[in-house]
Amino acid sequence: MKVLFVCSLGMSSAVAVNALKKEAKEKGVEIEVKAVSTQQFEEEVKNGYDVAMVAPQIRHRFDTLNACAKEAKVPCAMITPQGYSPLGGPKLLKQIQEILG
């Protein structure tokens, strides 16, 4: 599964990305995760991602980011606040798996 995270500068998601990767590894789920800034998102989302996840601190940009993702045929969702933390890996993985069905 290929996941794209988007946050303000592409760096604050590192904690959530690491928690997600750790949880996926423990569950035997193959995952590739990349975090980008809002400025990079429009081009990056076109690169074959299964899902795009938007950080809570940029929820005000969700409609714009979601429109770009829809154009690229990539489901897009807000990261739950509980998933956006060092201990949020299980919630985040579950949220992504539910989105992907």
Side chain to side chain, [X] and [Y], heavy atoms closer than 4.5 Å:
X	Y	result
Val51	Met53	yes
Arg59	Val54	no
Lys2	Ile31	no
Leu20	Phe5	yes
Phe41	Leu4	yes

I'd like to know whether NZ of Lys22 has more than 12 heavy-atom contacts from other residues, nucleotides or ligands below 6.0 angstrom. no

Return yes when atom NZ of Lys25 has more than 12 non-hydrogen atoms of other residues, nucleotides or ligands closer than 6.0 Å, and no otherwise. no

Under the side chain to side chain contact (heavy atoms under 4.5 Å, CB included) rule, what do Leu87 and Gln82 come out as? Steps first, then yes or no, please. CA-CA 8 Å; Leu87 302 175; Gln82 303 89 343; over 6 Å; no

Got a sec, which residues hit salt bridge (Lys or Arg N to Asp or Glu O under 4.0 Å) with Glu44, two or more places apart in sequence or on another chain? Lys34

I'd like to know if the side chain of Asp50 and the backbone of Val3 have a donor-acceptor N/O pair within less than 3.5 Å. no

Between Gln40 and Ser37, is there a donor-acceptor pair closer than 3.5 Å when you use the side chain of the first and the backbone of the second? yes

For the CD atom of Gln95 and the CD atom of Glu98, what is their distance to the nearest 0.5 Å? 7.5 Å

For residues 60-80, which side-chain donor-acceptor pairs fall under 3.5 Å, sequence neighbours excluded?
{"residue": "Arg61", "atom": "NH1", "partner": "Thr38", "partner atom": "OG1", "Å": "3.2"}
{"residue": "Thr80", "atom": "OG1", "partner": "Gly83", "partner atom": "N", "Å": "3.3"}

Nearest heavy atoms of Ala55 and Cys7, plus distance in Å: CB-CB, 3.7 Å

